[in-house]
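See structure below.
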Amino acid sequence: MKFKKSLIAIAFLLPLSVNAEITESQYQPSGCVEASFLVDENGSAKDIKFSEHHPKNMFLEQAYTNIKNMKHANKNKNERKHIYLKFETDDSWPLPFKCLKGDKIDAETNKINTQFLSATKFSKIRSTIDTRFFQSIYETFKVSTSEIKTTKVDDSYNASITITWNSDPNNANDFIKNYFKPVYATTTENSLKAISIVRKETADKPPAYTNELLNYIGQRKIVLTAFAGEETQSFIIGAPLKNEGFCDGTISNKENFASYCLTYENTKGKEITFTGLNENEIKNLTITTEISIENTYLRK
């Protein structure tokens with residue numbers, strides 16, 4: 001495949017590899033739980049229901065125990081109370097991005113202790129990274145899928161779809177260019193577009209904490225997931241990389257990685273195949289997609 005250079009200048013190679021070297025389960029993640037409950041005549045919680053929890057199911061037992069151990073006012077016994085709990089088992093790492101979405105993002109970001117940009121004076125910068133960079137990508141992200149194609153293989157079936165996506169990188173670029181020189185590239189047919197933030201590619205007058213800023217950005221990876229019943233398949237479209245190959249390589253497991261790369265548009269699409277399905281699953285099959293921003297938990 002032939003490639004061309006973009007307005008800023010380097011050749012595009014391949015989209016991110018799905019073979020990441022690290023997983024969240026290697027480390028002790030942070031998380032959050034949202035719950036509601038009723039209060040009995042003794043001020044104890046009952047009928048506890050969990051509405052959101054990130055990472056999924058990880059902190060439910062601790063949340064349940066905490067809520068049960070609290071004393072609650074019982075002004076209206078039929079009114080459900082709502083609570084939001086944060087769990088930061090290692091204060092070097094930020095909360096999962098899902099814990100910061102919506103009306104929580106401004107309120108909670110300043111309370112996070114992070115390994116990078118940890119001084120109080122950097123709280124607004126951390127908040128800006130999450131809002132102007134990641135939140136702007138998240139909110140403008142659009143995903144489309146093709147019709148499901150099925151093929152029979154022996155006694156089972158395979159089901160495939162092609163996923164295309166695009167988002168608006170302008171707001172993120174406007175923020176990043178104050179610290180770095182973001183590099184854009186595209187394939188010859190303009191079907192795949194990406195932006196790369198290379199550590200050595202700094203702006204004309206970068207502040208002293210530029211490396212810390214990029215390390216903080218590197219604690220987020222952007223993932224697209226396809227769901228087919230109980231089966232899921234995910235691939236990474238934004239992450240910190242070990243080398244400077246443009247959006248090509250494995251995820252770094254250390255800070256001071258070479259580059260952070262994001263493929264923000266793919267009009268040609270990526271094919272996802274679910275295998276080993278039975279006839280009943282094929283008859284009622286629907287495949288949905290979700291974009292998520294997850295923590296990478298980089299470590300020294």
Taking [Y]'s backbone N and O only, do any of them form a donor-acceptor pair with [X]'s side chain (distance below 3.5 Å, no angle check)?
X: W165; Y: G269; answer: no
X: R199; Y: F257; answer: yes
X: N284; Y: N280; answer: yes
X: K68; Y: A45; answer: yes
X: H72; Y: I67; answer: yes
X: Q135; Y: R132; answer: no
X: T187; Y: L192; answer: yes
X: D168; Y: N170; answer: yes
X: Q233; Y: T273; answer: yes

Where [X] and [Y] come nearest, the two heavy atoms and their spacing:
X: F37; Y: I48; result: CB-CG1, 3.9 Å
X: S196; Y: C261; result: CB-SG, 3.9 Å
X: A258; Y: K242; result: CB-O, 3.4 Å
X: A63; Y: F50; result: CB-CE2, 4.0 Å
X: I163; Y: I161; result: CG1-CD1, 3.9 Å
X: F133; Y: A172; result: CD1-CB, 3.4 Å

Assess the residue pair T202 and Y179 against the criterion (side chain to side chain contact (heavy atoms under 4.5 Å, CB included)); give the C-alpha distance rounded to whole Å, side-chain angles, the decisive distance to 0.1 Å, and a yes or no. CA-CA 6 Å; T202 56; Y179 307 95; over 6 Å; no
Cluster check [X], [Y]: I/L/V/M/F/W/Y, side chain < 4.5 angstrom:
X: F59; Y: L85; result: yes
X: F175; Y: Y216; result: yes
X: I291; Y: F227; result: no
X: M70; Y: L38; result: no
X: Y138; Y: I176; result: yes

Taking atom types as modelled and ignoring hydrogens, do the side chains of [X] and [Y] form a donor-acceptor contact shorter than 3.5 angstrom?
X: N42; Y: D40; answer: no
X: N215; Y: Y209; answer: no
X: Y184; Y: N173; answer: yes

Residues R80, D47: salt bridge by 4.0 Å N-O rule: yes
For the residue pair K270 and F235, would you count it as a cation-pi contact if the rule is NZ or CZ under 6.0 angstrom from the ring centre and within 45 degrees of the ring axis? yes
Derivation of the side chain to side chain contact (heavy atoms under 4.5 Å, CB included) call for D130 and R220: CA-CA 9 Å; D130 278 323; R220 308 289 194 199; 3.2 Å; yes
Below 30° counts as parallel, above 60° as perpendicular, anything between as tilted: where do the rings of Y260 and F134 land? perpendicular
For atom CD of E231, decide whether the heavy atoms of other residues, nucleotides or ligands shown that lie under 6.0 angstrom number more than 12. no
Is it the case that over 12 heavy atoms from other parts of the model lie below 6.0 angstrom from the CG atom of D155? no
With side chain to side chain contact (heavy atoms under 4.5 Å, CB included) as the criterion, how do I137 and L262 come out once you've worked through the C-alpha distance, each side chain's angles and the decisive distance to 0.1 Å? CA-CA 10 Å; I137 293 294; L262 166 67; 3.8 Å; yes
Quick one: OG on S167 to NZ on K193, what's the gap to the nearest 0.5 Å? 11.0 Å
For F274, the option from N158, I287, T232 that meets side-chain contact (heavy atoms from CB on, under 4.5 Å): I287
Between T210 and F180, does the side chain to side chain contact (heavy atoms under 4.5 Å, CB included) criterion hold? Intermediate values first, please. CA-CA 8 Å; T210 300; F180 302 93; 3.1 Å; yes
